[in-house]
Structures are given as structure tokens and as C-alpha cells.
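Let me begin by presenting the structure, written as C-alpha cells, before commenting on it.
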Amino acid sequence: MSNPLIQKWDEPFGLPPFERVLAEHFTPAFEQAMAAHRVEIHRIANASAAPTFENTIAALDRSGRLLTRTEQLFFNLTASETSPELQVVERDIAPQLAAHENAILVDEKLFARIDELHVARAASSLNTEQLRLLERVHLDSVLAGARLSRESKARLSWIVERLAQLQTSFSQNVLADEADGCLWLEREEDLKGLPAELRAATRTAAEERGRPQAWAVTLSRSLVVPFLTYSERRHLRQQAFNAWTRRGENDGAHDNRPIAREILALRAEQARLNGYASFADYALVDRMAGKPAAVAELLAKVWEPAKAKAAEELDALRAVAVASGEPADIAPWDWRFYAERVRKSRYDIDDAMVKPYFSLDRMVTAAFDCAQRLFGIEFVRRPDIAAYHPDVRVYEVRRGEYPIGVFLHDNFARPTKRGGAWMSSYRSQSRIDGDVLPIVVNNNNFAKGSPTLLSLDDVRTLFHEFGHGLHGLLSQVTYERLSGTRVLRDFVELPSQLFEHWALEPEVLKKHALHVDTGAPIPDDLIKRLQHARRFNQGFETVEYTACALVDMALHARSGEEVDIIQFERDELARLGMPREMVLRHRLPHFSHLFSSSSYAAGYYVYLWAEVLDADGYDAFVEAGDPFDPAVAGRLLKYVYSSGNTIEPSAAYRAFRGRDAEVEPLLVQRGLIEEMEAD
């Protein structure tokens with residue numbers, strides 16, 4: 001009973017007791033929570049009464065709350081504030097949790113009750129949300145192999161456990177390379193071209209690593225990308241680029257190549273055991289796309305136009321290089337450097353000009369203000385509530401005088417935090433046993449400054465993750481299984497990508513983009529130039545992303561033979577005609593979307609799928625003539641942000657937009673076709 005994970009949490013809003021939790025508490029807490037969950041499942045599966053929605057499906061949704069609470073705290077900590085001790089527990093517990101969940105999904109007696117209800121669903125009196133939950137629970141079990149023989153189930157159970165081990169190792173290896181990898185700058189001349197803010201950030205990074213007289217370019221995107229953009233030392237750009245793109249590909253303890261190879265083989269076997277030709281076919285059963293052919297059709301509409309646009313951009317880069325007396329042979333570590341010069345000359349914009357208007361605090365306020373104007377909610381800072389790290393800010397989220405959730409904002413990079421940006425939950429919203437308020441966290445990896453100034457890409461990232469956060473916070477459903485972001489993977493990016501649009505709305509910028517020193521609002525002329533530059537370098541951005549989606553689909557469409565992921569990547573990019581001046585946004589040895597879990601495996605395309613929806617969806621506000629139009633915002637809240645997975649995604653979009661999405665707004669948004677062509 002001395003274990004705080006097992007006790008009642010008395011912190012405000014039921015937040016975890018962060019300050020009292022130690023790594024050693026998790027293993028006994030997981031053991032107790034899994035045992036308690038098994039008792040609950042046994043009771044449901046072996047009930048003497050005939051199956052009903054309430055005694056089977058709703059009971060399942062209620063079960064395992066102690067385990068869920070412990071899991072959410074644990075995996076949030078291992079992502080945001082890990083330690084060697086937590087990583088040891090993670091390697092041990094991940095396969096146990098996977099086995100525990102799989103055993104429930106394929107339990108014969110439990111599935112028999114679920115299946116009986118599913119067969120009779122058309123004649124039942126279930127409401128829309130109950131019917132949706134029944135269908136989701138049934139599909140979960142079917143895809144886990146509930147209908148297979150005992151021998152196949154046993155093999156699948158082993159595969160699930162082994163995949164959990166491998167995916168944990170993959171993730172920890174990427175984190176280790178990012179934490180350990182660093183380009184050290186020793187001399188003033190090594191800093192040539194770097195703006196003052198970037199110099200300060202690299203100095204801070206060096207101080208954190210015990211070398212206060214040097215400068216450090218870590219492998220965090222928030223440092224390495226600006227370095228590649230501004231450094232005039234080409235050989236140093238090459239060193240930084242190579243270290244960054246070779247994460248997970250180095251010989252030794254953190255080599256992800258054999259891990260990825262085994263993951264792919266096991267996924268292919270998992271698909272075959274379930275009756276599918278490939279893992280791509282298996283995974284897409286539970287996606288809006290449905291089949292690989294639908295994904296291929298979307299990617300084909302983008303790939304060739306993106307390459308053509310990138311070729312135009314490359315010509316402009318070469319012209320700038322030649323005019324500067326530099327080689328016309330653009331290497332991958334040169335693209336961002338020369339693109340920034342082109343942007344400066346073409347639009348008279350650079351980050352040094354823009355960043356002073358984009359302080360982190362003001363952009364957070366801007367995101368909060370947009371949420372208030374669209375959805376009527378308020379974010380109230382709670383400095384009296386401690387989180388898991390001093391950098392994390394805690395907010396009470398209110399509608400009027402009533403709290404609707406808690407929001408944690410964790411914005412800065414550190415060695416104990418994985419790279420990238422993401423949203424997660426410490427608790428999901430539900431109403432099955434009274435109102436349970438969500439606890440949502442946004443993680444970014446910005447380089448800390450005094451103050452912290454953001455690039456335009458950083459601002460988009462901030463708004464993107466906040467869109468995910470709103471999806472969790474605004475959820476208004478009964479059952480936890482359908483709550484918040486627990487929607488189909490190609491729909492989950494819609495609320496996040498859609499919210500990015502407000503980051504560049506002139507009305508928002510004039511109010512919140514105030515100069516960090518003078519307080520003056522961003523000039524109208526600069527806003528216009530930012531608007532004109534929105535499609536700049538979109539060929540590069542689209543090729544870099546779409547190539548990842550194409551390689552992902554090709555990799556998971558294989559039947560399962562052993563694969564050398566480096567050779568596969570090289571061969572597939574050659575087949576696709578990938579420009580040699582570019583690489584994948586995420587190379588396979590560190591492609592965490594694919595290999596740290598199965599969530600985005602055969603699913604990296606979902607960002608583009610959702611962009612079709614977000615580009616078309618934002619046009620509803622454009623057509624209304626107001627980016628905060630109350631009627632459009634009301635439909636958006638009802639059918640997208642608050643409905644969770646209670647409505648089939650295509651139907652939810654149609655209810656919001658009044659029709660199916662069209663692809664042309666996406667192509668226009670990325671500058672791949674002109675607006676007049678789209679008309």
C-alpha cells in the first residue's frame with residue numbers, strides 16, 4: 001500500500017502523483033493491475049446471464065481502469081522524461097502488456113458473447129454510439145485472430161509479444177542516438193552564418209552537456225534543421241546531416257537494422273495467419289482507405305507533380321549557388337541552405353526577420369485564443385500544480401465556469417525526451433460512470449531560449465499538436481474506447497492539420513504576432529509576404545514526405561521474405577525516381593512512425609489523406625467569409641472535435657462539410673497546381 005500507483009490519486013483533477021512516483025513502483029503496480037483486470041474479464045466472459053450490451057460490451061469498456069491509468073502514466077514518462085531505470089522496466093513490461101491485451105482479444109468465451117451480440121446487432125435497440133462500440137470491439141478481436149485455431153492463436157500471441165519487445169528496443173535506440181549524437185563546434189569561424197538566436201541555442205545545448213566553452217548541434221530537429229539552413233560551413237553541414245540521417249544505422253548496441261528486419265518478417269506472418277496477403281492489406285482493413293489501391297491512387301496524384309515542382313525549385317537553388325561562385329552540384333545537406341537564400345531573395349523573408357514576432361509564449365496564447373473563439377473554451381494557467389518536469393506548464397481548461405479537462409504543455413527538447421512532437425493522454429474522457437475529464441499533454445522539442453523564438457515551421461508544429469490536444473479535450477462521448485483521438489488513423493490527423501490553418505490567419509497574426517522587443521504588431525507587408533511564400537519549397541516538402549509514404553507501403557506490401565532495409569530503401573527510391581538531392585524525411589533505421597509501434601505501419605500516408613480533408617474542410621470557413629464563423633465552427637465541434645469515434649469518419653466529414661472531400665484544394669495548397677486549374 002506504500003506504492004502511490006496503486007493508491008487513490010488525490011492530486012488536483014486526479015493528476016498522477018508525479019513527485020512520489022519512482023521507477024521501482026511500476027512493475028508491482030502493473031502486476032497488480034493486470035491481475036485485477038484478468039479477474040474482471042473472467043467475470044464478464046463466464047457470466048451465467050445471456051450476453052447483453054450492458055453486461056458484455058459496456059462492462060468491457062469499464063474494465064481495467066487501474067491498468068489503463070498505470071499504462072498512460074508509464075508510457076508518457078518513458079516518452080517525455082525517461083531514465084535508464086524506466087527503460088529497463090519498459091523492456092520487461094512491454095511484451096507482458098502486449099500478451100495481456102492479446103489474451104483478452106482472443107478469449108474464446110468472451111469473443112463468443114461479443115460475436116453473438118454482433119450477429120444480432122441489426123435487430124437490436126442499440127443507439128448509434130452503442131452500435132459503433134459493439135462494431136469496434138468485435139473488429140478488434142477479429143483482427144487479433146479471435147476466429148483462428150488455438151495453434152494459430154498461440155503463434156500470434158508469441159508474435160505480438162515479440163513485436164512489443166522489438167518495437168521498444170527500436171524506440172530506445174533512436175532515443176539513445178539522439179541523446180548521444182552531437183556535432184561540436186569549437187571555433188568562432190564554425191558559427192559562420194548562424195543567427196544570434198541559433199548561436200545562443202547551441203551554446204545552451206553545450207552547457208547542458210558539460211562543455212560551456214563550445215557550441216553543440218544536437219540531433220534534435222529544432223537544432224539540426226536551423227543549422228543546415230544557415231551554416232555557411234559546408235563540411236560541417238555535411239557532418240551534421242550525416243549524423244542526423246544515420247540515426248539507428250550505426251554498428252553497435254543501437255543498430256536498428258536487424259530489429260526492423262525482424263519486425264517486418266513478423267508483421268508479414270501476422271497478416272498471413274489472419275488471412276491477408278500482406279501486412280498492408282491487413283492494416284488497411286481498419287482505415288478509411290480500406291485497401292492499398294486507394295492509397296496508391298492518392299499518392300500517384302501527388303508524386304509526379306511534386307517531383308516536377310521540386311525540379312523547378314532545384315533549378316532556382318543552382319542559380320543562386322552559381323551566382324554566389326559556389327558549386328552548382330546541390331547535395332542533400334545543401335538544399336535547406338540554398339532554399340533559404342532563394343526565399344530571402346524572392347520574398348524578402350528570413351527567419352531572423354520573422355522569429356522576433358513568434359515568441360513561444362505569444363504563439364501559445366494565440367492557439368488558446370483561437371480555441372476560445374472557435375469552441376468557447378478557456379485555458380487557465382495553474383502554476384500551483386506540479387508536473388513531471390519543471391518545464392511543463394499545467395492549465396485548467398474551462399467552458400464558462402466549468403472545467404472540461406487539464407492540459408499539460410511540454411515544449412522544450414532535452415536528452416530524456418524522444419524527438420519529434422506528439423500529443424498524448426494521461427486520462428481519456430468518458431461518461432459511462434459519471435463525467436471523467438480528460439488529461440491531455442502536448443510535447444514539442446523546441447530549443448529553449450531567453451525568450452524562445454519560433455520559426456514559422458515551429459509555429460505550425462505548435463498549432464498542429466494543439467489541434468490533436470483539442471481533439472482529446474473536446475471529446476464528448478460515453479465510452480472510453482470511442483473517446484477523443486481513438487479514431488481511424490487516417491482521420492486522426494484531420495483535427496491537427498486543420499488547426500494549422502489558423503496559425504497564418506492575418507487576423508490572428510495581427511493580434512498575437514507582436515515583436516518580442518518592441519511589442520509592435522507584425523507589419524501588414526510582412527504578413528502578405530508570408531502568405532505569398534506559403535507554397536515556397538513545397539516540391540521539396542512534398543517529395544520528402546510522399547517518398548516516405550510510398551516506401552512504407554512498398555515495404556509492408558511484401559509477402560514476408562527477409563529484407564535488408566538499407567538496400568530496400570535504396571532500390572525503392574531508385575524505382576520511384578527520387579531526386580538524388582533529397583533523402584527521405586525519415587530514413588528507415590530511425591523511422592519511429594513505422595517501427596516504434598504498428599500505429600502508422602502501412603499508414604504513413606495518413607497525413608496526406610487527412611490533408612485532403614483539412615484543405616477541403618478549411619475552405620468551409622473561406623466560403624463563409626470568416627475564419628471563426630460560428631455556424632461552421634459549431635459543425636466542426638459537433639462532428640469532428642467532440643464526436644470521437646462514435647460516427648464513421650466519412651459520415652462525420654460529410655456531416656461537417658455537407659459533401660465528400662475533394663482533392664484539388666490539397667494540390668492548390670501545396671502549389672502543385674494553380675487555382676485556376678483547380679476551378
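Atom NZ of K192 has 12 or fewer heavy atoms from other residues, nucleotides or ligands within 6.0 Å.
Using modelled atom types, one finds no donor on one side chain facing an acceptor on the other under 3.5 Å when comparing R418 with S596. Between T218 and S220, the side chains place no donor N or O within less than 3.5 Å of an acceptor N or O (distance only, hydrogens not considered). For H254 and Q172, the side-chain atoms include no donor-acceptor pair closer than 3.5 Å. In this structure, a donor-acceptor pair under 3.5 Å is absent between the side chains of D552 and Y600. Side-chain N/O atoms of N443 and S80 include a donor and acceptor closer than 3.5 Å. Under the 3.5 Å distance criterion, with hydrogens and angles disregarded, no donor-acceptor pair is assigned to the side chains of E249 and H590. A donor and an acceptor atom, one from each side chain of S455 and D458, are located under 3.5 Å apart. Side-chain contact check for S496 and E493: at least one donor-acceptor pair (N or O, by modelled atom type) lies under 3.5 Å.
In this structure, E581 pairs ionically with R318, as a charged nitrogen and a carboxylate oxygen lie closer than 4.0 Å. The pair R529-D525 meets the salt-bridge criterion, since a charged nitrogen lies less than 4.0 angstrom from a carboxylate oxygen.
Counting heavy atoms from C-beta on, the side chains of T452 and F412 come closer than 4.5 Å. Using a 4.5 Å heavy-atom cutoff, the side chains of Q669 and R534 are not in contact. Here the side chains of L264 and F279 are not in contact, with every heavy-atom distance at 4.5 Å or above. Counting only heavy atoms from C-beta outward, the side chains of L666 and L608 approach each other to under 4.5 Å. For the pair P589 and I566, the minimum side-chain heavy-atom distance is below 4.5 Å. By the 4.5 Å heavy-atom criterion applied to side chains, V492 and V606 are not counted as neighbours. Between P506 and Q531, some side-chain heavy-atom pair lies under the 4.5 Å cut-off. Counting only heavy atoms from C-beta outward, the side chains of E90 and L77 never approach each other to under 4.5 Å.
For R91, the salt bridge (charged side-chain N to carboxylate O under 4.0 Å, His left out) criterion is met by no residue, not counting sequence neighbours. For the salt bridge (charged side-chain N to carboxylate O under 4.0 Å, His left out) test, residues two or more places apart in sequence or in another chain that qualify with R237 are D334.
The minimum heavy-atom distance between A610 and D490, with the atom names listed, is CB-O, 3.9 Å.
At least one donor-acceptor pair closer than 3.5 Å links the side chain of K307 to the backbone N or O of L576. Using modelled atom types, one side-chain atom of D190 and one backbone atom of R187 make a donor-acceptor pair closer than 3.5 Å. In this structure, Y607 contributes its side chain and A549 its backbone to no donor-acceptor pair below 3.5 Å.
Side-chain rings of H586 and Y604 approach one another, their centers coming within less than 6.0 Å.
Note that the CG atom of L456 and the CD1 atom of I349 stand 8.5 Å from one another [nearest 0.5 Å].
Sorted pairs that involve residues 212-232 and meet ring pair (Phe, Tyr, Trp, His ring centres under 6.0 Å), not counting sequence neighbours, are lacking altogether.
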Please test M353 against D348 for side chain to side chain contact (heavy atoms under 4.5 Å, CB included), starting from the C-alpha separation and ending with a verdict. CA-CA 9 Å; M353 178 190 304; D348 192 22; 4.0 Å; yes
